[in-house]
Amino acid sequence: MTTTNDQLFGRAKNSIPGGVNSPVRAYGSVGGTPRFLVSASGAYVTDAEGREYVDLVASWGPAILGHAHHGTVEAVQQAAARGLSFGASTPGETELAELVKQRVSVDGDGPIEKLRMVSTGTEATMTAIRLARGYTGRDLLVKFAGHYHGHSDSLLAEAGSGVATLALPGSAGITAETAAQTLVLPYNDLDAVRRAFDEHSERIAGVIVEAAAANMGVLAPERGFNRALARIVQSHGALLIVDEVLTGFRVGSAGWWGLEASKVVPDGAGWKPDLVTFGKVIGGGMPLAALGGRREVMDHLAPLGPVYQAGTLSGNPLAVAAGIATLRAATPDVYESLNRTASVISAATSEALAAEGVAHTVQRAGNLFSFAFTEQAPRNYDDVRAQETWRYAPFFHSMLDAGVTLPPSVFEAWFVTAAHDDRAVGRVLDALPAAAKAAARATA
Ligand SMILES: *Cc1c(COP(=O)(O)O)cnc(C)c1O
């Protein structure tokens, strides 16, 4: 007898808060029982009931080559046989750092002179803001509403109303003092940034921004936004921290910055972040993340400088092996295939929704995409939240019933992999008409 997802979820809830180790997995916004996965291969995942699904979550990005990619698995197995963790330096760490520096550059010029490895994106952004504060000797941090940078205290602050309002805590357990040191501004609003600097110029240590927002659904920056932001921030002696935890090595070899610097994205060339954070793809599915940037700033980290940061499992040899294998295999051909697959699936989804008269916009940033149930393309978090979010749950469940796992929230990007071949994509396309009908029938 197989154990059902229902049984597994029931049991998990007795021993794990909400039955999950990361909240979105609980299906809170779509309802129903989460699928408990037991294996994955290529474009597919298999649940505990033995059902196979075409996967459009891809571990939230890392599985860029497809699940259980042969070269990556082999690299990890070989590393494991040599020892799981040493708590000492390994040659692989330097190899990965060099690989990142070389990849995140355009015409030999890039923002990464040095790189420090950590285990999660949360650690990378947390360290980046500590470093910005330690380097500048200032206290305030600016972030944008709807941008996600992990769950450290300073970065969970929510949007207050108006410009540069001192934010209120966005989670219980964060002190008002901590939240008050984070200013939350509307995305794509350069005037709001200028006003924040007019008011607090001497106090702002840094501005953190997703290279292209993809944690409120996908929301690419308006043309030239990142470059103009860099000018403002850097002219005030603050640091620009560009969070590429999601976009780095996913939208292209050199991340979103690379798409702008190489003019694939128009009107974005000619700027550089001071610090960049990576996660997700850089570890190829293993816990690995990193922050990198200008030598002069990075050298403020211990042991060279006064900003402390450390990690027992940082640069773990298995994670480093997975990262190196994944980055080496993520060739320009892979990115071309991801772009093609993203175009096919996003166009077909839009067509299916249009055929049922469902108002929506296609949100796209490179091979990342999502859909907002609204007539007008959103430009910030308020716009995104104003959509008909309730259309997503029935859409999601119709796709799930047809054997396609989508992200269990309308505020997440869809992820394709290089293993999504015609058969896998065909299964997604076949499922769309019924799902679009379910979205059309939905009521608030
Ligand atoms: C996922 C994500 C993080 C957090 O990374 P974790 O590894 O989950 O801690 C930070 N920033 C962005 C943009 C992300 O998408």
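Side chains are part of it too, since the values below use all heavy atoms of this structure and drop only hydrogens, waters and symmetry mates. The chain is numbered in sequence order, starting from 1. Quick caveat: nothing in here was measured; it's all calculated off a predicted structure. Whatever order the structure lists them in is the order used to number ligands and atoms, beginning at 1.
Under the 6.0 Å cut-off for aromatic ring centres, Y392 and F411 do not qualify, their centroids lying 6.0 Å or more apart. For W390 and F373, the gap between ring centers reaches or exceeds 6.0 Å. With ring centers used as reference points, Y27 lies under 6.0 Å from F396. The ring of H147 has its center closer than 6.0 angstrom to the ring center of Y187.
Those atoms of ligand 1 with a heavy atom of L246 less than 4.0 angstrom away are 15 (O). Heavy-atom proximity to D243, at under 4.0 Å, picks out these atoms of ligand 1: 10 (C), 11 (N), 12 (C), 13 (C).
At least one N or O atom of G121 sits closer than 3.5 Å to an N or O atom of ligand 1.
For atom 14 (C) of ligand 1, the nearest non-hydrogen atom from the set E210, H149, E244, K280 belongs to K280.
N226 and E260 share a side-chain donor-acceptor pair at under 3.5 Å.
Contacts with ligand 1 closer than 4.0 Å are made by side-chain heavy atoms of N215 only, the backbone lying farther away. Of all the heavy atoms of T122, the ones lying under 4.0 Å from any atom of ligand 1 are found in both the backbone and the side chain. With a 4.0 Å cut-off on non-hydrogen atoms, T120 touches ligand 1 through its backbone as well as its side chain.
Shown here, atom 11 (N) of ligand 1 is in close reach of the protein: a heavy atom of it lies under 4.0 Å off.
Between W271 and W257, the two ring planes are perpendicular [angle over 60°; tilted spans 30° to 60°].
Ranking protein heavy atoms by distance to atom 3 (C) of ligand 1, first place goes to V245 CG1, 3.6 Å.
R379 and E222 are joined by a salt bridge, as a carboxylate oxygen and a charged side-chain nitrogen come within less than 4.0 angstrom of each other.
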